[in-house]
Protein chains: 2
Amino acid sequence: MHPVPEAAISATADEIREAALEQFARDGYSSTSMRDIASSVGIKAASLYNHFGSKEAILWDLTLTAFEELLRCRDLAIANLPDNPTPQDRLACLVTSHVAFHARNSNQALLVNSQLAALSKTHYRKAVAMRAQYEATMREVIDEGITKGVFTTIDARVTTFAILQMGMAVSGWFRPEGPLTVSDLCAIYVDLAAKMLTPLPLKRKE
Amino acid sequence: MHPVPEAAISATADEIREAALEQFARDGYSSTSMRDIASSVGIKAASLYNHFGSKEAILWDLTLTAFEELLRCRDLAIANLPDNPTPQDRLACLVTSHVAFHARNSNQALLVNSQLAALSKTHYRKAVAMRAQYEATMREVIDEGITKGVFTTIDARVTTFAILQMGMAVSGWFRPEGPLTVSDLCAIYVDLAAKMLTPLPLKRKE
DNA sequence: GTCTATATATCGATAGAC
DNA sequence: GTCTATCGATATATAGAC
């Protein structure tokens, strides 16, 4: 059909990355063999070592990229906030970028959320630190809202986990071809998160 | 210290179950070898086959038990509801049993929530059906509340996922020796779930 | 019901021809 | 940068002695 650029015929590092990401996310790191990855890019396992030093090196490469893109999406969303944003603005911004990333980049999200244990000890520690940094942003916004009296919660730490994790789970079930657009999805989660932190009393008895 | 019953000295099927559950939950099914399981109960890998026909048979045994206990906890909680419970009563009941199970039985929860893909195709289908049945209970309560006008949500399906999944995540971080009791934890999640479904308008403008 | 020994397959990774 | 061939380790599972 289409003429294919000469450079696209041979297996490149990027093709390997793409194949490995999909298989690591779907089947798990330890269930995916170098032969599996190689065959899905049309080469033999030994040839993978011309591009990556080891299987773990592929996982680490993918993990770093995934975290970088996750943090970049968050930073981009923050940069688009209005001047003097309210805590509600900040919460909606973070939840939207969080959910949108997990919906649009489900393989990267699954990698970051469930395959870190396969990393070497050194890489694992770095990954956990990046995840902690990401999660801290959400916690800070929630704490700010509590301080300013616009958010209320029994436990800020647990509520932060709950908001982050309900968004993370999106990568496991959301399909773009389903009934919801990513924009619909984000609006739903922003609404849920806002209600979870609402200061309005639910019971008016007594 | 204590005299040990004669029967408790040799490796039994239950000891194997306990060791396998912990390792499958912590390291994943495919990262756990029969040698790993055998050595942690003090026998050789070949001896495991006197108790289970295969590695997958161990996983299936554990998965079935975990689902049975999850459903039993739910049924027990439902049986203790007052007469003519409100949708709020039912929601609190389900969220409490859900969160308590995931906090108290974290290894079983991790197995059921992230190791199903390692099952044989037949067993996988049965497991997914049991999970769907469990999740449907939560959905029905939410739908009932919406019908009766005491719950409001943009999307009942997504809200059901969100409530279930924020509770499932508890198995990944909750530690009994931490600052929260299971009872504390359940109260927090009941509060969050109730707020997520609150019909009170958050914005009073216009 | 445990063990040793082994069958058979596959794993990550390397060496060296082309 | 690909390949074939192979190494050494390890995987699940089985056979048979005790």
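Chain letters run A, B, ... following the sequence lines, proteins first and then strands; every chain starts at 1.
Residues Asn107(B) and Phe24(B) form no side-chain contact, since every pair of their non-hydrogen atoms from C-beta on lies 4.5 Å or further apart.
Rounded to whole Å, the distance from CZ on Phe52(B) to P on dG1(C) is 12 Å. Distance Ile58(A) CD1 to dG12(C) C1': 11 Å, rounded to the nearest Å. Between Asp36(B) atom CG and dT10(D) atom P there is a gap of 11 Å when expressed in whole angstrom units. We find that CG of Asp14(B) is positioned 13 Å from P of dG1(C), with the value rounded to whole Å. Asp27(B) has its CG atom 16 Å from the C1' atom of dT10(D), to the nearest Å. Computed from coordinates, the Gln23(B) CD to dA11(D) P distance equals 12 Å when rounded to whole Å. Whole-Å rounding puts the Ile16(A) CD1 to dG1(D) C1' distance at 10 Å. Note: NE2 (His51(A)) to P (dA13(C)) measures 15 Å, nearest angstrom.
Taking all atoms of both residues into account, the shortest heavy-atom contact from Arg74(B) to Ser97(B) is CA-OG, 3.8 Å.
With respect to Asp14(B) and Arg17(B), a salt bridge is recorded, a charged nitrogen being found less than 4.0 Å from a carboxylate O.
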Check your understanding: Tell me, for nucleotides 12-18 of chain D in 5' to 3' order, what letter each nucleotide earns: B for a base near a protein heavy atom under 4.0 Å, S for only sugar-phosphate near one, - for neither?
Key -> BBB----
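Residues Tyr134(B) and His98(B) place their aromatic rings such that the two centres sit under 6.0 Å apart.
With a 6.0 Å radius and a threshold of 12 heavy atoms from other residues, nucleotides or ligands, Gln88(B) has its CD atom above the threshold.
For Gln23(A) and Ser40(A), the side-chain atoms include at least one donor-acceptor pair closer than 3.5 Å.
The side chain of Ser47(A) places an N or O atom within less than 4.0 Å of a non-bridging phosphate oxygen (OP1 or OP2) of dC3(D).
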